[in-house]
Structure formats: C-alpha cells, structure tokens
Amino acid sequence: YDEADYNAEQLFRIKCGDPNVTSLAVDFSGDDETNIDGVDWERDGECFAGNTHLKALSIHDLRDDLIEDYDDREEPANTQDRRAFYRGVASNRSIRNLTLDVATHDEYDVFVILAPFFEHNRNLRSIEALNLVMDPRSTQVFASSISRCSNSSLRRFVLRCQGRMDDDSAAQLITALTGLPHLNEICLNIGLNYGGENGCLALV
C-alpha cells in the first residue's frame, strides 16, 4: 500500500466523476510536493469545480517554521500549486465537511481565494479549522464570506488558532457565526480570548 499512489488514484477517479469517491485528503506540508504523485494543480484543480460527489475534503498545509515564527514569510516553492488547488476548491459546491489544517505565510490570500466556497456552498455542514493564525485581515475575509452564505446549512464550526485573536476580530467572527440559522455546535479556541466585551455582546 502506497499512500501517494492511493491518493493519486482517488484524484484520478474524482476527475472522472466517479460517484464512489466522496472524500480526499491533500497535504501540502512539504515545500515541494503534495501527498499526491504527479499532480498538476493548474490543470487538475479544475476537477473540483464541477464535481458533485465529493463530500469531505481534508487539507493539511503546514509550515513548521511558521508555526514557530509566523513573521517568517518566505514563500515555499509550491506556492503557485497550492493557490491553483485552492482556486479549484473555491468553485466546488458539493463538499459538506471541510478540514483546514493550515499554517502558512499567505493565510490571508488563502481565505481570499476560498471566499466564494464559503459564500456560495449551501451544502457545507462542517468546518474544522486548525492551526490558523487568524490575524485581523484573515478573520475579516473569512467572517464576511460565511456571513454572506444565504440559506447556509452549516451546523458545526470548530476553530483552534495559534496565539490570541484580538477582541474585535473575535467579535466579528462570532457575529458572523450567530447569523447562521442551523449552526448548533461551535468550538472556539482562540488563545485565552473569549471575544472580549464586543464578542460577548455578539453572543447575546
């Protein structure tokens, strides 16, 4: 059993529209390659756009040096591939469960690219976001995009971010979440920060 070969086969079946493939895990944690052999995301990323069978996507996009020091903003070699992949995901409307395990130099850019996914994917049921820094710019884009999702089906939201989210950002995110009619599970680990006075008022 070779994980890279297995993931490459799964991606190929997704490109072919195989209804039996409903989940995929993609790992960009290395500087040069993903956990899928021989993939060209500029070309293959488009397979997500029209796919109606993919229900669960797990993305791991971690830079160990950034986990230790977020201010180190050196671009990894696979930046263009990563962004092409995210553009493909942004066009998908079938994914119900999304796991974002992300700690990158361009977190804000990732959220800008993914904004249409959060805003227009009415099938999305669960978001689990781990290791994010969630600086004010990233939080603003993310909160804005999920708050604009009319008819949202989101039921579960988990966020575990590094460090401490500032009070205004926490309040903005909480306000966006409280506007989602079907959300019944929220877990926020935002670094010993409970949203401050503004965040608490947003929960009222």
Side-chain angles (χ1 to χ4, degrees), residues 22-29 48 54-63 66-67 70 85-86 89-204:
T22 59
S23 64
L24 183 69
V26 180
D27 191 341
F28 285 101
S29 297
F48 295 108
L54 189 64
K55 306 302 181 188
L57 179 63
S58 179
I59 303 171
H60 301 275
D61 192 359
L62 302 172
R63 293 290 309 276
L66 294 181
I67 292 175
Y70 183 69
F85 164 77
Y86 285 119
V89 174
S91 299
N92 179 275
R93 301 294 179 262
S94 67
I95 293 171
R96 296 182 179 181
N97 302 306
L98 177 68
T99 298
L100 277 175
D101 191 4
V102 176
T104 71
H105 70 290
D106 58 349
E107 178 182 279
Y108 167 76
D109 298 308
V110 168
F111 277 116
V112 168
I113 294 171
L114 288 178
F117 173 83
F118 295 117
E119 184 173 343
H120 300 297
N121 184 2
R122 298 179 180 181
N123 290 309
L124 189 61
R125 302 288 193 276
S126 171
I127 299 173
E128 187 167 355
L130 312 173
N131 280 312
L132 290 101
V133 175
M134 296 303 288
D135 62 25
R137 292 200 313 156
S138 299
T139 305
Q140 192 277 329
V141 170
F142 182 52
S144 177
S145 58
I146 61 172
S147 68
R148 291 177 182 173
C149 187
S150 60
N151 240 354
S152 173
S153 299
L154 191 66
R155 289 167 168 76
R156 178 175 180 266
F157 181 83
V158 176
L159 171 64
R160 297 187 178 92
C161 63
Q162 302 178 46
R164 182 182 186 275
M165 183 184 290
D166 68 76
D167 289 350
D168 288 341
S169 295
Q172 188 173 33
L173 179 61
I174 292 169
T175 299
L177 293 173
T178 53
L180 301 177
H182 302 294
L183 192 64
N184 55 31
E185 181 183 347
I186 303 176
C187 177
L188 298 179
N189 184 338
I190 50 181
L192 300 178
N193 184 329
Y194 297 95
E197 181 180 357
N198 291 336
C200 291
L201 288 172
L203 286 172
V204 176

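Not measured: the values here are computed from a predicted model.
- Distance check, rounded to the nearest 0.5 Å: CZ of Phe117 to CZ of Arg93 gives 8.0 Å.
- In this structure a side-chain-to-backbone donor-acceptor pair under 3.5 Å is missing from Asn131 to Ala103.
- Looking only at distances, a side-chain donor or acceptor of Glu107 sits under 3.5 Å from a matching main-chain atom of Val133.
- Interatomic distance, CG of Leu57 versus CG of Leu124, reported as 10.5 Å (0.5 Å rounding).
- Side chain of Thr178 to main chain of Thr175: a donor-acceptor pair is present (N/O by atom type, distance under 3.5 Å, no hydrogens or angles).
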- Task: Quick one: do Ser138 and Asp135 satisfy side-chain contact (heavy atoms from CB on, under 4.5 Å)? Show the steps, please.
- Result: CA-CA 5 Å; Ser138 299; Asp135 62 25; 3.0 Å; yes
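- Ser169 OG to Arg137 CZ: the interatomic distance, rounded to the nearest 0.5 Å, is 12.0 Å.
- Contact between Ser153 and Arg125 at its shortest, heavy atoms only, is CB-NH1, 3.3 Å.
- Put simply, CG on Leu54 and OG1 on Thr22 are 7.5 Å apart, with the number rounded to the nearest 0.5 Å.
- Considering every non-hydrogen atom in both Met165 and Thr139, the closest pair reads CE-OG1, 4.1 Å.
- Residues Ala90 and Ile113 come closest through the heavy atom pair CB-O, 3.1 Å.
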- Message: Phe118 vs Leu154, test: side-chain contact (heavy atoms from CB on, under 4.5 Å). Steps then yes/no.
- Response: CA-CA 10 Å; Phe118 295 117; Leu154 191 66; over 6 Å; no
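- Side-chain contact between Ile59 and Leu98 is present, with at least one heavy-atom pair separated by less than 4.5 Å.
- Around atom CZ of Arg160, no more than 12 heavy atoms belonging to other residues, nucleotides or ligands sit under 6.0 Å away.
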- After noting the C-alpha distance and the side-chain angles of Val26 and Val89, does the key distance pass the side-chain contact (heavy atoms from CB on, under 4.5 Å) rule? CA-CA 11 Å; Val26 180; Val89 174; over 6 Å; no
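- When all heavy atoms of Arg156 and Ser126 are compared, the closest pair comes out as NH1-OG, 3.1 Å.
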- Could you please spell out the steps behind the side-chain contact (heavy atoms from CB on, under 4.5 Å) verdict for Met134 and Ile190? CA-CA 9 Å; Met134 296 303 288; Ile190 50 181; over 6 Å; no
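- Nearest heavy atoms, Thr104 versus Asp61: CG2-O, 3.1 Å.
- Between Phe142 and Phe111, the ring planes are tilted. Angles from 30° to 60° get that label.
- Atom CG of Asp106 sits about 8.0 Å away from atom OH of Tyr86, to the nearest 0.5 Å.
- What you find for Leu177 and Leu183 is that their closest heavy atoms are O-CD2, 3.6 Å.
- Separation of atoms CG (Asn121) and OG (Ser94) is listed at 7.0 Å; rounding is to 0.5 Å.
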